[in-house]
*Asks:* 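Just passing along the structure, written as structure tokens.
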Amino acid sequence: MDASKPVRVRMAPSPTGYFHLGSARTALFNWLYARHTGGRFILRIEDTDRTRFVPDSLQDIMDSLRWLGLDWDEGPEVGGPYGPYFQSERLPLYHEWAERLVRAGLAYRCYCSEERLEALRQEQRARKEPVIGYDRHCRTLTAAQRAELEAAGVPSVVRFAMPVEGETHFVDLLRKMKPFDNNQYRDPILLKSDGFPTYHFANVIDDHFMEITHILRGDEWLSSVPLHVNLYNALGWEIPVFAHLPLILDPSGAGKLSKRKKKGEGDEELLTYIREYRAAGYLPEAMFNFLAIMGWAYSADTDLFTRAEAIARFDIHDINPAAGALPLSKLQWMNGHYIRQLAPADLQERLLPFLAGPLGMSVEALRRHPALPILTPLIQERLKTLNEAAALIDFAFVEEIGYDPALLVPKGLTSAQALEALTAATALLTALPFTEEGLDAPLRHLAEQLGLKVGQLFGILRVATTGKNVAPPLFGCMIALGREKTLARCRRAAELLRQC
RNA sequence: GCCUCCAUCGUCUAGAGGACCAGGACACAGGCCUUUCAAGCCUGGUACAGGGGUUCGAAUCCCCUUGGAGGCACCA
């Protein structure tokens, strides 16, 4: 590969499902390499499997990429000089080159039915022979036999005539590859009977005509590279640089992070799609940073870095080739870190959609609610994900809260003592200014007068005002509620204590 | 089964022959702070899979074993 050529890399997802975490990491590395080198990042849609097509997946792919800030220079909705960027719109190109290969004797039409192929596999299994696949039956058909099959209208596919002998060697930037024995590749299909190309063929054709210089893709493609190399050779084209990215394994390390649902670290469901992480309240800047350290390290002593820093340092050669388990707890920590970095006003704005549903309020009403700007800074360092916010501050957005009477009486106190403390505090709160400074000293003094530890008195008040024994700092909660609501809740709690 | 890739703390990783009795982060444990929970700060334990080479010297290079992963479709 000519090093002076401008770098062109691509992400080539197929619209057969939502955008996967692993795909996002592949996209990210491609994007980083393009941005680092000043090259181009291309999005190409590999929609050649009509049976697995999922209508809204294309939108999801684009939404996810944009959410992560991975903008593409060419592709859907952007255009570009190498289009079309949907493989379904490039069919004539594939047909033309398949035909050329057939004419050159490097590919051939195969008329074998699916039934015959299946029978072949059964037979191989029954004889306990390794299942090696197609037996190249149609490779040696005579012209007359072909004419007859064509005349009879037997449907066919186009197969590549892999070299039967010898071995194929290729270079992967990240690992040391042994040569592959050509004979283990069984004349793969280039063009399916429905006229659509297979991945292997469309991929090679498009990467060539789109002038892709580096192919960064998942490890699962490693063993099909020899096939691709032979295709490039047959077509007489230059072979791009390969770098196969390490797979992201299940958090347990047990296998490829599957597109199916598995259980995560705890009992929670393992999130696999970008949209799910987004919906769970992960920040795009955290996801970006996290994805980047899955197989790549910014430096020896930090995991945290900005987009610009990653671009400046990224190099394919620094990618670790070993597959790794998804470190979910690190993602959670990192998301918490990025939440803490946010300006409170920014956090508040990002919180709105996560609050609206659970609190049963409109985003607009929430945005105007006076309690939110008070509470947001208080929960900022308590959040790992945005969707945890509602449970922390819901007490301030409802008229009435329920009480667990047991919580109202701190350990080591009788309910009479708790009631006495609550009554005294209520009386005091009637007159105190509802500010941090206004509440702090008098309430501490009150605890002393009552012979209680500060924590005991504050605990009673915390439960009385929020209904929870774990809540944001007490004074903030009371200020957010306002004097009237705070007093009403204290009185109700006192009433409850009196009854028991 | 066959082919291929990979192998450093529980996990993600730094390490491209001497700077490593192996560094960082998360997680975990203990402590400090403290109004609960967090956050923050301090401290701690735990790793070069095993065995052979090569070399004055190996986590780093080679081989074998073991373990893990991926691939073997008219799916990508």
Side-chain angles (χ1 to χ4, degrees), chain A residues 12-14 16-17 46-49 51-52 110 112 114 117-118 121 125 128-134 155-159 172 174-178 180-181 184-186 188-194 196-200 202-203 218-226 244 246-247 249 251-256 265 290 293-304 317-318 320-334 336-337 340 378-384 392 410 440 443-444 447 453-459 461-463 466 468-475:
Chain A
S14 69
T16 53
E46 310 220 323
D47 53 348
T48 56
D49 186 346
T51 61
R52 291 201 307 153
C110 168
C112 293
E114 299 226 37
L117 296 176
E118 183 49 37
R121 279 189 285 264
R125 262 192 291 270
K128 303 222 163 138
E129 284 175 5
V131 179
I132 53 164
Y134 185 55
S156 63
V157 300
V158 174
R159 286 188 186 267
D172 182 284
L174 303 182
R175 55 199 98 226
K176 246 192 130 170
M177 298 301 300
K178 282 189 198 154
F180 283 65
D181 188 352
Q184 63 176 289
Y185 294 86
R186 311 306 293 194
I189 291 173
L190 265 24
L191 236 41
K192 301 183 261 188
S193 56
D194 66 0
F196 278 70
T198 56
Y199 169 85
H200 304 294
N203 204 257
D219 210 350
E220 69 265 29
W221 295 109
L222 199 54
S223 55
S224 50
V225 176
H244 288 82
L247 257 17
L249 270 26
S252 67
K256 184 154 87 153
E265 278 171 347
F290 174 70
I293 60 167
M294 298 265 357
W296 179 70
Y298 175 77
S299 74
D301 56 12
T302 184
D303 285 335
L304 297 168
H317 296 275
D318 295 334
N320 177 351
L326 182 69
L328 275 182
S329 58
K330 199 162 194 164
L331 169 61
Q332 285 171 353
W333 160 77
M334 192 172 271
H337 168 82
R340 276 169 248 133
L378 300 180
I379 60 171
Q380 183 155 20
E381 65 195 27
R382 280 159 244 266
L383 295 175
K384 280 195 163 48
L392 251 30
D440 191 291
L443 284 173
R444 282 175 197 279
K453 286 181 189 157
V454 171
Q456 291 176 312
L457 175 62
F458 287 14
L461 288 171
R462 176 173 300 111
V463 176
T466 68
K468 308 167 197 288
N469 60 349
V470 175
L474 179 63
F475 304 145

*Asks:* Given B:rC75, B:rC5, B:rC12, which nucleotide is nearest the side-chain atoms of A:A325?
*Replies:* B:rC12

*Asks:* Between A:K256 and B:rG71, is there a contact of a side-chain N or O with OP1 or OP2 at under 4.0 Å?
*Replies:* yes

*Asks:* Would you call the rings of A:Y185 and A:F180 parallel, tilted or perpendicular, where under 30° means parallel and over 60° means perpendicular?
*Replies:* tilted

*Asks:* For A:M334, answer base if it contacts any base atom (sugar-phosphate contacts may also be present), sugar-phosphate if it contacts only those atoms, and nothing otherwise; contact means non-hydrogen atoms under 4.0 Å.
*Replies:* nothing

*Asks:* For A:D172, give me all partners under side-chain contact (heavy atoms from CB on, under 4.5 Å), at least two apart in sequence or on another chain.
*Replies:* A:F170, A:L174, A:R175, A:M177, A:L222, A:F242, A:H244

*Asks:* Would you kindly give the NE2-to-C1' distance between A:H317 and B:rG15, to the nearest whole Å?
*Replies:* 18 Å

*Asks:* OP1 or OP2 of B:rC75 versus the side-chain N and O atoms of A:K192: is any pair under 4.0 Å?
*Replies:* yes

*Asks:* Sort out the partner of B:rC26 for me: Watson-Crick or G-U wobble, both distances under 3.5 Å, none otherwise.
*Replies:* B:rG10

*Asks:* What I'd like to find out is whether the side chain of A:V157 reaches to under 4.5 Å of the side chain of A:T198, using heavy atoms alone.
*Replies:* no

*Asks:* Base, sugar-phosphate or nothing for A:K468? Non-hydrogen atoms, less than 4.0 Å.
*Replies:* nothing

*Asks:* Look at all strands and tell whether A:G324 reaches a base, only sugar-phosphate, or nothing, counting heavy atoms closer than 4.0 Å.
*Replies:* sugar-phosphate

*Asks:* Does B:rU8 have its OP1 or OP2 closer than 4.0 Å to a side-chain nitrogen or oxygen of A:N320?
*Replies:* no

*Asks:* Compare side-chain N and O positions of A:R340 against OP1 and OP2 of B:rG40 and report whether any pair is under 4.0 Å apart.
*Replies:* yes

*Asks:* Without swapping roles, check the side chain of A:R462 against the backbone of A:L474 for a donor-acceptor pair under 3.5 Å.
*Replies:* no

*Asks:* Would you please confirm or rule out a distance under 4.0 Å between OP1 or OP2 of B:rU4 and any side-chain N or O of A:K176?
*Replies:* no

*Asks:* Paired with B:rC37 by Watson-Crick or G-U wobble geometry, both distances under 3.5 Å: which nucleotide is it?
*Replies:* none

*Asks:* Across the strands shown, which category fits A:G218 at heavy-atom distances under 4.0 angstrom: base, sugar-phosphate, nothing?
*Replies:* nothing

*Asks:* Start at the 5' end of RNA chain B and walk down; is the nucleotide closest to A:V470 or to A:Y199 reached first?
*Replies:* A:V470

*Asks:* Considering just the side-chain nitrogens and oxygens of A:R444, establish if one lies under 4.0 Å of OP1 or OP2 belonging to B:rU35.
*Replies:* yes

*Asks:* Starting at atom CG of A:L249, determine the distance to atom C1' of B:rG67, rounded to an integer number of angstrom.
*Replies:* 13 Å

*Asks:* Assign A:S299 to base, sugar-phosphate, or nothing according to its heavy-atom contacts below 4.0 angstrom with the strands shown.
*Replies:* nothing

*Asks:* Please state how far atom CD1 in A:I189 lies from atom P in B:rC75, giving the value in whole angstrom units.
*Replies:* 7 Å

*Asks:* From the list B:rU13, B:rU35, B:rG71, which nucleotide is the closest neighbour of the side chain of A:V454?
*Replies:* B:rU35

*Asks:* More 5' along RNA chain B: A:Y185 or A:P246, using each one's nearest nucleotide?
*Replies:* A:Y185

*Asks:* At 4.0 Å (heavy atoms only), tell me whether A:R175 reaches a base, stays on the sugar-phosphate, or touches nothing.
*Replies:* sugar-phosphate

*Asks:* B:rC2 P sits how many Å from A:D181 CG, rounded?
*Replies:* 14 Å

*Asks:* Base, sugar-phosphate or nothing for A:D303? Non-hydrogen atoms, less than 4.0 Å.
*Replies:* base

*Asks:* Taking any heavy-atom pair under 4.0 Å as a contact, classify A:A323: base, sugar-phosphate, or nothing.
*Replies:* nothing

*Asks:* Return yes when atom NZ of A:K453 has more than 12 non-hydrogen atoms of other residues, nucleotides or ligands closer than 6.0 Å, and no otherwise.
*Replies:* no

*Asks:* B:rA76, OP1 or OP2 - any side-chain N/O from A:T198 closer than 4.0 Å?
*Replies:* no

*Asks:* Mind checking if A:W296 touches a base, just sugar-phosphate, or nothing, with heavy atoms under 4.0 Å?
*Replies:* nothing

*Asks:* Counting Watson-Crick and G-U wobble pairs only, both distances under 3.5 Å, name the nucleotide matched with B:rC72, or none.
*Replies:* B:rG1

*Asks:* May I ask you to say what A:Q380 touches in the nucleic acid, namely base, sugar-phosphate or nothing, with a heavy-atom cut-off under 4.0 Å?
*Replies:* nothing

*Asks:* Whole Å only: how far is the CG atom of A:L191 from the P atom of B:rC74?
*Replies:* 14 Å

*Asks:* Just call it for A:S14: base, sugar-phosphate, or nothing, with non-hydrogen atoms closer than 4.0 Å on any strand.
*Replies:* sugar-phosphate

*Asks:* Under 4.0 Å, counting only non-hydrogen atoms across every strand here, what does A:I293 touch: a base, just sugar-phosphate, or nothing?
*Replies:* sugar-phosphate

